[in-house]
K.L.:
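Right, I'll just put the structure down here and ask away after.
Nothing here was measured: the structure is a model prediction, and the numbers come from that model.
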Amino acid sequence: MFPDWLPPELPLNGNSLQADLDALYAVFEQDFIQAVPSIVDGSPVYVNPHPDPSWNRQYTHGFTHMITRGEGMRGIDYGRARKLPWVKAILENYTQPEVTAFWTHNPKGDTLHLWLADLDFVVLLRPKDDAQ
């Protein structure tokens with residue numbers, strides 16, 4: 001089921017990486033830099049603002065981790081990147097019945113999963129004190 005509060009995926013075409021990155025960054029900037037932070041479980045949600053050296057420090061870790069996948073040199077994952085607008089929507093609607101919220105404990109720190117099960121998409125959040 002596609003919730004009515006969930007925006008559509010971005011129409012990225014993969015023909016121009018820079019054009020796709022520009023479109024993605026515009027969404028990221030609107031949702032996570034200019035917008036008031038979302039409140040989840042009583043705490044504001046912030047993205048990692050540190051420049052990502054894997055991307056020549058042109059983009060922050062917060063941005064690159066939302067659109068890439070892998071260890072070390074992470075590459076763009078178009079399936080994930082197209083869903084970037086979903087992240088803010090899920091944060092804003094995490095109490096809706098379509099979102100399953102649960103905590104896990106792991107070596108990187110306690111993690112809150114906001115899982116949109118019907119679409120198999122998850123947003124992962126860690127308290128700042130636990131972030132690495």
Side-chain angles (χ1 to χ4, degrees):
M1 179 173 114
F2 199 91
D4 60 359
W5 49 261
L6 195 66
E9 292 183 19
L10 286 176
L12 305 173
N13 61 27
N15 291 334
S16 167
L17 178 60
Q18 191 58 57
D20 290 340
L21 287 170
D22 291 346
L24 288 162
Y25 195 77
V27 171
F28 175 80
E29 188 172 45
Q30 175 186 330
D31 289 354
F32 297 101
I33 295 174
Q34 296 172 353
V36 173
S38 300
I39 305 295
V40 173
D41 213 17
S43 297
V45 175
Y46 298 103
V47 296
N48 184 336
H50 296 99
D52 188 340
S54 298
W55 287 77
N56 296 324
R57 301 186 169 281
Q58 185 176 0
Y59 301 106
T60 66
H61 280 283
F63 174 67
T64 61
H65 279 248
M66 286 188 203
I67 65 162
T68 63
R69 186 180 304 262
E71 297 296 324
M73 181 57 177
R74 296 169 59 105
I76 190 164
D77 178 327
Y78 273 91
R80 174 184 268 190
R82 285 184 185 97
K83 295 174 179 80
L84 179 61
W86 292 12
V87 176
K88 181 75 169 179
I90 290 171
L91 295 174
E92 296 293 318
N93 292 281
Y94 77 99
T95 60
Q96 294 298 315
E98 299 91 353
V99 180
T100 302
F102 60 94
W103 285 92
T104 60
H105 307 286
N106 61 63
K108 289 187 175 182
D110 292 348
T111 304
L112 176 60
H113 300 249
L114 302 177
W115 184 36
L116 199 55
D118 287 351
L119 299 171
D120 197 24
F121 186 78
V122 66
V123 174
L124 303 177
L125 303 173
R126 283 197 197 100
K128 186 175 180 184
D129 295 335
D130 290 347
Q132 293 187 2

K.L.:
List in chain and number order the residues that pass salt bridge (charged side-chain N to carboxylate O under 4.0 Å, His left out) with E9, two or more places apart in sequence or in another chain; answer none if no residue qualifies.
P.N.:
K83

K.L.:
Side-chain heavy atoms under 4.5 angstrom apart, residues restricted to Ile, Leu, Val, Met, Phe, Trp, Tyr: same cluster for W5 and L10?
P.N.:
yes

K.L.:
Would you say V87 and L119 are hydrophobically clustered, going by side-chain heavy atoms of ILVMFWY under 4.5 Å?
P.N.:
yes

K.L.:
Going by side-chain hydrogen bond (donor to acceptor under 3.5 Å, both in side chains), name the residues that satisfy it together with N93, two or more places apart in sequence or in a different chain.
P.N.:
none

K.L.:
Would L24 and I76 count as a side chain to side chain contact (heavy atoms under 4.5 Å, CB included) here? Give the steps.
P.N.:
CA-CA 11 Å; L24 288 162; I76 190 164; 4.0 Å; yes

K.L.:
Looking at every heavy atom in both I39 and P44, which two are closest together, and how far apart are they?
P.N.:
CD1-CA, 3.6 Å

K.L.:
Tell me, which pairs form a ring-ring contact (aromatic ring centres under 6.0 Å, His included) where one or both residues lie in residues 8-27, sequence neighbours left out?
P.N.:
Y25-F28, Y25-Y59, Y25-F63

K.L.:
Please find the pair of heavy atoms, one from L112 and one from A101, that lie closest to each other, and give the distance.
P.N.:
CD1-CB, 4.3 Å

K.L.:
Consider only side-chain heavy atoms of I, L, V, M, F, W and Y, link residues closer than 4.5 Å, and tell whether L91 and F2 are in one cluster.
P.N.:
yes

K.L.:
Which heavy atom of P7 sits nearest to which heavy atom of P85, and what is that distance?
P.N.:
CG-O, 3.4 Å

K.L.:
Are W115 and V40 connected in a single hydrophobic cluster, I mean Ile/Leu/Val/Met/Phe/Trp/Tyr linked by side-chain heavy atoms less than 4.5 Å apart?
P.N.:
no

K.L.:
Just by distance, do the side chain of T111 and the backbone of G109 share a donor-acceptor pair under 3.5 Å?
P.N.:
yes

K.L.:
Are T60 and H50 close enough that some pair of their side-chain heavy atoms sits under 4.5 Å apart?
P.N.:
no

K.L.:
Mind checking whether V45 and Y94 have side chains closer than 4.5 Å, heavy atoms only?
P.N.:
no

K.L.:
For the residue pair M66 and L84, what are the closest heavy atoms and their distance?
P.N.:
SD-CD1, 3.5 Å

K.L.:
How many angstroms lie between CD in Q58 and OG1 in T64, if you round to the nearest 0.5 Å?
P.N.:
11.5 Å

K.L.:
Partners of T68 by side-chain hydrogen bond (donor to acceptor under 3.5 Å, both in side chains), sequence neighbours excluded?
P.N.:
R74

K.L.:
Return the set of residues passing side-chain hydrogen bond (donor to acceptor under 3.5 Å, both in side chains) with Y78 (not counting sequence neighbours), or none when no residue passes.
P.N.:
D20

K.L.:
Between R82 and P8, is any pair of side-chain heavy atoms under 4.5 Å apart?
P.N.:
no

K.L.:
Is it true that V122 and L6 fall in one hydrophobic cluster, defined by side-chain heavy atoms closer than 4.5 Å?
P.N.:
no

K.L.:
Nearest 0.5 Å, what's the CD-CG distance between E92 and D31?
P.N.:
9.0 Å

K.L.:
Going through the checks in order, is the side chain to side chain contact (heavy atoms under 4.5 Å, CB included) test met by Q18 and L21?
P.N.:
CA-CA 5 Å; Q18 191 58 57; L21 287 170; 4.2 Å; yes

K.L.:
I need the minimum non-hydrogen distance between P3 and E98, along with the two atoms involved.
P.N.:
CG-CG, 3.8 Å

K.L.:
If you measure from CD1 on I90 to CG on L114, what distance do you get to the nearest 0.5 Å?
P.N.:
7.5 Å

K.L.:
Which atom names give the shortest non-hydrogen contact between K88 and P37, and what distance separates them?
P.N.:
NZ-C, 4.2 Å

K.L.:
Give, for atom CG of L124 and atom CG of N106, the distance between the pair rounded to the nearest 0.5 Å.
P.N.:
9.0 Å

K.L.:
Going from CZ on R126 to CG on D110, what distance comes out if it is rounded to the nearest 0.5 angstrom?
P.N.:
9.5 Å

K.L.:
Going by the rule salt bridge (charged side-chain N to carboxylate O under 4.0 Å, His left out), which residues pair with D77 if we only count those two or more places apart in sequence or in a different chain?
P.N.:
R69

